[in-house]
*Asks:* 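Please read through the structure below; I'll follow up with questions.
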Amino acid sequence: MKINKWIGSIISCVLLVSMVGQVPTSAETNKNIMDESIYDLLVDRFFNKTVQNDFEVNTQDPAAFAGGDFLGVLEKIPYLKKMGFTVASLGPVFSTDTYDGKRVTDYSTFERHFGTKDEFKTLIAGAQKQDLKLLVDFPIQQVSANHVWAKENPDWATINDDGTLDWDMNNEEVQQAIIQAAVEFVDAYEVEGVRITSIDGVDTKFLNEMIDALKEKNEKLYVLSKAESEVDFDLNVSAKNTDLARNAFKNVDLPTEEFGKTLSQANISRSVDHINERRFTADAAEENMFPPTRWKIAFATLMSIPGVPVITYGSEIAMNGEQAPESNQIMNYKVEEELIDYVGDLQKLRNGSAALRSGEMELLHNENGFMVFKRWNEEETWVVAINNTGSTQQFDLTEDMMGANVELRGLMESDILRQREDGTYRIVVDREIAEFFTVNEPKGLNKGYLAALAMVYVLFLGFLYLVWRKGKQRKKDK
């Protein structure tokens with residue numbers, strides 16, 4: 001039995017070694033925002049780890065605090081890493097009137113429902129140890145009427161119709177106070193990013209000054225926003241692109257020509273919904289479509305085109321909802337993991353490939369939901385086929401597109417395509433499927449595999465010899 005186990009272990013190791021190199025990888029240095037993928041969550045809705053901070057929590061009231069906290073996020077970092085996300089956006093973390101953190105009452109203190117200063121530092125340390133960047137929202141308008149600044153300086157703010165406050169951004173004292181609060185936060189806590197939110201009507205010049213002040217404190221800091229803007233944020237936002245994506249993928253056989261025109265845009269966030277709006281799942285359900293399949297198509301597209309994927313928490317379990325707070329449900333971890341695993345598989349490809357993250361892009365075919373495009377850099381080339389139609393589709397890649405005598409290896413369906421007599425490479429993709437093809441020089445015989453077979457053969461002969469010797473020795477002993 002020991003000999004059998006020994007031989008089995010050797011065979012397994014040799015076969016694994018023979019498979020190395022099947023998927024192209026490239027050396028990774030000097031990563032930037034284009035190399036990231038962002039998971040957008042709300043601390044209160046993610047995971048409740050510590051009951052000590054559950055002040056007047058009511059999980060039955062969608063508008064009330066639900067108990068999620070900093071240590072809950074820390075506990076679920078392996079869950080985020082399993083899906084391959086590199087950045088977790090926590091939303092606002094400051095003292096607030098509301099579970100989503102938007103109604104800030106004090107920029108200098110943490111929301112007591114979320115945890116303490118020390119617990120936030122513990123979260124930061126744990127995230128850094130697990131190679132996950134943290135991003136925090138900094139709302140600068142529509143704050144709480146109970147904000148400490150408004151009490152001390154009544155002339156700093158005006159009241160909105162919904163009872164929130166807008167700061168007087170023409171007041172230099174207000175401007176300096178906001179910049180100072182943000183800089184002090186970044187200086188005190190080692191977050192990797194700040195997302196400046198609620199910026200409607202805020203002067204572009206001021207926001208650029210705020211960005212400069214933050215980056216002066218930490219030049220590697222990502223400074224982002226949720227809204228479209230002419231400001232020098234590290235990543236652009238396009239509401240139009242989001243609408244085009246969700247309208248293209250909520251059903252099959254929908255026009256994708258307009259969406260296709262956006263694919264060459266690189267320095268941009270990519271999403272199909274946002275944290276405080278109608279969920280993409282609701283769109284799919286309204287079309288009487290199966291949401292997980294719709295999400296697979298959306299995920300595959302967002303993670304293979306230029307731009308940075310920004311995925312709302314719960315998308316991986318097809319969370320539903322029309323608007324907040326219904327769309328901000330408590331995260332459920334007791335679910336089937338097929339979609340979660342699919343996201344993880346996609347991100348393994350994206351995280352391992354500079355070409356998929358920031359390489360060149362060429363749209364080869366785009367008609368009524370069937371898109372074929374090429375991504376490449378100097379080290380590697382991919383062909384991605386997104387069949388968001390109700391039937392099997394095919395497309396012939398020409399020699400001009402791919403070159404002569406190459407091999408296309410499908411990673412999802414395990415197809416191997418070679419050049420046909422007419423010079424083309426025919427891609428055939430089943431309905432509602434995304435396929436990723438690596439493009440390689442023809443490999444001929446798999447030398448690693450042949451070497452592994454030879455090793456198995458030698459080991460087997462050795463095993464037979466040992467059995468023969470042992471049997472001969474037994475006869476001699478008798």
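In this chain, numbering begins with 1 at the start of the sequence shown.
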*Asks:* Hey, could you give me the CG/CD1 distance between L302 and I311, rounded to the nearest 0.5 Å?
*Replies:*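 Answer for the CG-CD1 pair, L302 versus I311, is 5.0 Å.
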*Asks:* Any non-hydrogen side-chain atom of L74 less than 4.5 Å from a side-chain atom of F47?
*Replies:* no
*Asks:* Salt bridge (Lys or Arg N to Asp or Glu O under 4.0 Å): which pairs involve residues 198-207, sequence neighbours left out?
*Replies:*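 Not a single pair qualifies under salt bridge (Lys or Arg N to Asp or Glu O under 4.0 Å).
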*Asks:* If you draw a 6.0 Å radius around CD in E190, do more than 12 non-hydrogen atoms from other residues or ligands fall strictly inside?
*Replies:*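 Atom CD in E190 is not crowded, with 12 or fewer foreign heavy atoms closer than 6.0 Å.
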*Asks:* Heavy atoms only: give me the nearest I275-D40 pair and the separation to one decimal.
*Replies:* CD1-O, 3.5 Å
*Asks:* Ring centres under 6.0 Å, that's the criterion: do F120 and F114 meet it?
*Replies:*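 That pair fails the under 6.0 Å test.
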*Asks:* Would the number of heavy atoms belonging to other residues, nucleotides or ligands and lying under 6.0 Å from CG of N332 be above 12?
*Replies:* yes
*Asks:* Determine whether a donor-acceptor pair (N or O, by modelled atom type, separation under 3.5 Å) exists between the side chain of E119 and the backbone of F70.
*Replies:*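 No; judged by distance alone, with no hydrogens or angles, the pair does not exist.
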*Asks:* Can K133 be said to sit on top of Y222's aromatic six-ring, NZ or CZ under 6.0 Å from centre and within 45° of the ring axis?
*Replies:*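 Cation-pi check for K133 and Y222: fails.
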*Asks:* Can you tell me if E287 uses its side chain to pair, donor with acceptor, with the backbone of A284 under 3.5 Å?
*Replies:*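 No: the side chain of E287 does not pair with the backbone of A284.
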*Asks:* Check whether any side-chain heavy atom of R270 sits under 4.5 Å from a side-chain heavy atom of T262, and report yes or no.
*Replies:*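 R270 vs T262: side chains touch.
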*Asks:* If every non-hydrogen atom of S198 is compared with every non-hydrogen atom of Q142, which pair is closest and at what distance?
*Replies:*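 In this case the closest contact between S198 and Q142 is OG-OE1, 4.0 Å.
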*Asks:* Between atom CG of N251 and atom CG of D253, what is the distance when rounded to the nearest 0.5 Å?
*Replies:* 7.5 Å
*Asks:* Classify the side-chain pair Q393/S391 by whether it contains a donor and acceptor separated by less than 3.5 Å.
*Replies:* yes
*Asks:* Taking salt bridge (Lys or Arg N to Asp or Glu O under 4.0 Å) as the cut-off, I'd like each qualifying pair that reaches into residues 291-312, sequence neighbours left out, listed once.
*Replies:*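 Pairs touching residues 291-312 that pass the test: R294-E432, K296-E338.
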*Asks:* Indicate yes or no for a side-chain donor-acceptor contact from D187 to the backbone of V183 under 3.5 Å, with no hydrogens or angles considered.
*Replies:* no
*Asks:* Using a strict threshold of under 4.0 Å (side-chain N to carboxylate O), is an ion pair present between K49 and D69?
*Replies:* no
*Asks:* Start with the C-alpha distance between I140 and T197, add both sets of side-chain angles, then the distance that settles side-chain contact (heavy atoms from CB on, under 4.5 Å), and finish with yes or no.
*Replies:* CA-CA 6 Å; I140 60 173; T197 61; over 6 Å; no
*Asks:* Could you state the interatomic distance from OG1 (T256) to CG (N388), rounded to the nearest 0.5 Å?
*Replies:*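 It comes to 8.0 Å.
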*Asks:* Ignoring hydrogens and geometry beyond distance, is a side-chain donor-acceptor pair present between S271 and T242 at under 3.5 Å?
*Replies:*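 On atom types as modelled, these side chains qualify, holding a pair under 3.5 Å.
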*Asks:* Please round to the nearest 0.5 Å and tell me the distance separating atom CG of L207 and atom CD1 of I199.
*Replies:* 5.5 Å
*Asks:* Without swapping roles, check the side chain of E360 against the backbone of W376 for a donor-acceptor pair under 3.5 Å.
*Replies:*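 Side chain of E360 to backbone of W376, a donor-acceptor pair under 3.5 Å: no, none is there.
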*Asks:* So does E326 have more than 12 non-hydrogen atoms from other groups sitting under 6.0 Å from CD?
*Replies:* yes
*Asks:* Where the side chain of N351 meets the backbone of Q347, is there a donor-acceptor pair that is under 3.5 Å apart?
*Replies:* yes
*Asks:* Looking at V429 and A385, what are the two nearest heavy atoms and their distance?
*Replies:*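 So the two residues come closest at CG2-CB, 3.8 Å.
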*Asks:* Taking everything shown except Q323 itself, do over 12 heavy atoms lie less than 6.0 Å from its CD?
*Replies:*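 No, not enclosed.
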*Asks:* Just by distance, no angles: are the side chains of S353 and E380 close enough, under 3.5 Å, to form a donor-acceptor pair?
*Replies:*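 Checked: S353/E380 side chains pair up, N/O donor to acceptor below 3.5 Å.
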*Asks:* I'd like to know whether Q265 forms a side-chain contact (heavy atoms from CB on, under 4.5 Å) with N236, so could you lay out the CA-CA distance, the side-chain angles of the two residues, the decisive distance to 0.1 Å, and finally the verdict.
*Replies:* CA-CA 10 Å; Q265 299 176 18; N236 296 321; over 6 Å; no
*Asks:* Can we say E286 and R278 salt-bridge, meaning some charged N sits less than 4.0 Å from an Asp/Glu carboxylate O?
*Replies:*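 Salt bridge: yes.
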*Asks:* Kindly state each residue pair satisfying ring pair (Phe, Tyr, Trp, His ring centres under 6.0 Å) with at least one member in residues 407-429, sequence neighbours excluded.
*Replies:* none
*Asks:* Do L411 and L349 have side chains that approach each other closer than 4.5 Å (heavy atoms only, starting at C-beta)?
*Replies:* yes
*Asks:* Under the side-chain hydrogen bond (donor to acceptor under 3.5 Å, both in side chains) criterion, do S89 and R195 qualify, and how do the steps go?
*Replies:* CA-CA 9 Å; S89 172; R195 190 164 59 179; 3.0 Å; yes
*Asks:* Please lay out, stage by stage, how M319 and T281 fare under the test side-chain contact (heavy atoms from CB on, under 4.5 Å).
*Replies:* CA-CA 6 Å; M319 187 178 288; T281 298; 5.6 Å; no
*Asks:* On the 0 to 90° scale, with breaks at 30° and 60°, tag the F138-F94 ring pair as parallel, tilted or perpendicular.
*Replies:*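 It falls in the perpendicular class, over 60°.
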*Asks:* Looking only at non-hydrogen atoms, find the nearest pair between S238 and I268 and report the distance.
*Replies:*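 Heavy atoms only, the tightest pair is CB-CD1, 3.6 Å.
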*Asks:* Where do W382 and A355 come nearest, in terms of heavy atoms and distance?
*Replies:*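 Of all heavy-atom pairs spanning W382 and A355, the closest is CD1-CB, 4.1 Å.
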*Asks:* Do V136 and V93 have side chains that approach each other closer than 4.5 Å (heavy atoms only, starting at C-beta)?
*Replies:* yes
*Asks:* Identify whether the distance between the nearest side-chain nitrogen and carboxylate oxygen of K217 and D212 falls below 4.0 Å.
*Replies:*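 Result for this pair is no, no salt bridge flagged.
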*Asks:* Quick one: are Q329 and R45 in side-chain contact, heavy atoms under 4.5 Å?
*Replies:*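 A side-chain contact under 4.5 Å is absent here.
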*Asks:* So, does R375 use its side chain to make a donor-acceptor pair with the main chain of S304 at under 3.5 Å?
*Replies:*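 Answer holds: yes.
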*Asks:* Can you tell me if T96 uses its side chain to pair, donor with acceptor, with the backbone of R103 under 3.5 Å?
*Replies:*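 Yes, T96 side chain to R103 backbone: donor-acceptor pair under 3.5 Å.
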*Asks:* May I ask you to decide if the ring planes of W295 and F280 are parallel, tilted or perpendicular, using 30° and 60° as cut-offs?
*Replies:* perpendicular
*Asks:* Can any side-chain N or O of N267 pair as donor or acceptor with the backbone N or O of L235 at less than 3.5 Å?
*Replies:*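 No: the side chain of N267 does not pair with the backbone of L235.
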*Asks:* Could you tell me the separation between the CZ atom of F206 and the CD1 atom of I179, rounded to the nearest 0.5 Å?
*Replies:* 4.5 Å
*Asks:* Test your reading of the model: is there a side-chain donor-acceptor pair from E36 to the backbone of V308, 3.5 Å cut-off?
*Replies:*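 Such a contact is absent between E36 side chain and V308 backbone.
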*Asks:* Distance-only, no hydrogens or angles: does the D44 side chain make a donor-acceptor pair with backbone N or O of A66 under 3.5 Å?
*Replies:* yes
*Asks:* Does a salt bridge link K215 with D234, judged by any charged N lying under 4.0 Å from a carboxylate O?
*Replies:*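 Yes, charged N to carboxylate O under 4.0 Å.
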*Asks:* For the pair D137 and K226, evaluate salt bridge (Lys or Arg N to Asp or Glu O under 4.0 Å) and give the outcome as yes or no after the intermediate values.
*Replies:* CA-CA 9 Å; D137 282 11; K226 290 182 178 179; 3.5 Å; yes
*Asks:* For F299, is the NZ or CZ atom of R350 found under 6.0 angstrom from the centre of its six-membered ring and inside 45 degrees of the ring axis?
*Replies:*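 Here R350 fails the 6.0 Å and 45° test against F299.
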*Asks:* Assess, by modelled atom type and distance only, whether the side chains of D400 and T398 contain a donor and an acceptor separated by less than 3.5 Å.
*Replies:*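 There is no such pair (donor and acceptor under 3.5 Å, judged by atom type) between the side chains of D400 and T398.
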*Asks:* So L408 and L397, do their side chains get closer than 4.5 Å, heavy atoms only?
*Replies:*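 In contact.
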*Asks:* Hey, are the side chains of F85 and I38 touching, using non-hydrogen atoms and a 4.5 Å cut-off?
*Replies:* no
*Asks:* Carefully, step by step, assess I433 and T392 under the rule side-chain contact (heavy atoms from CB on, under 4.5 Å).
*Replies:* CA-CA 9 Å; I433 289 291; T392 298; over 6 Å; no
*Asks:* When you check the side-chain N and O atoms of E316 and Y79, is any donor under 3.5 Å from an acceptor?
*Replies:*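 Side-chain D/A pair, E316 to Y79: present.
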*Asks:* In this structure, are over 12 heavy atoms from other groups packed under 6.0 Å from K374 atom NZ?
*Replies:*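 Enclosed.
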*Asks:* Which atom names give the shortest non-hydrogen contact between D273 and E277, and what distance separates them?
*Replies:*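 Taking D273 first and E277 second, the nearest heavy atoms are CA-OE2, 3.2 Å.
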*Asks:* Quick one: does L135's side chain get under 4.5 Å of E192's, heavy atoms only?
*Replies:* no
*Asks:* Working to the nearest 0.5 Å, report the span between OG1 of T389 and CG of N368.
*Replies:*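 Those atoms lie 9.0 Å apart.
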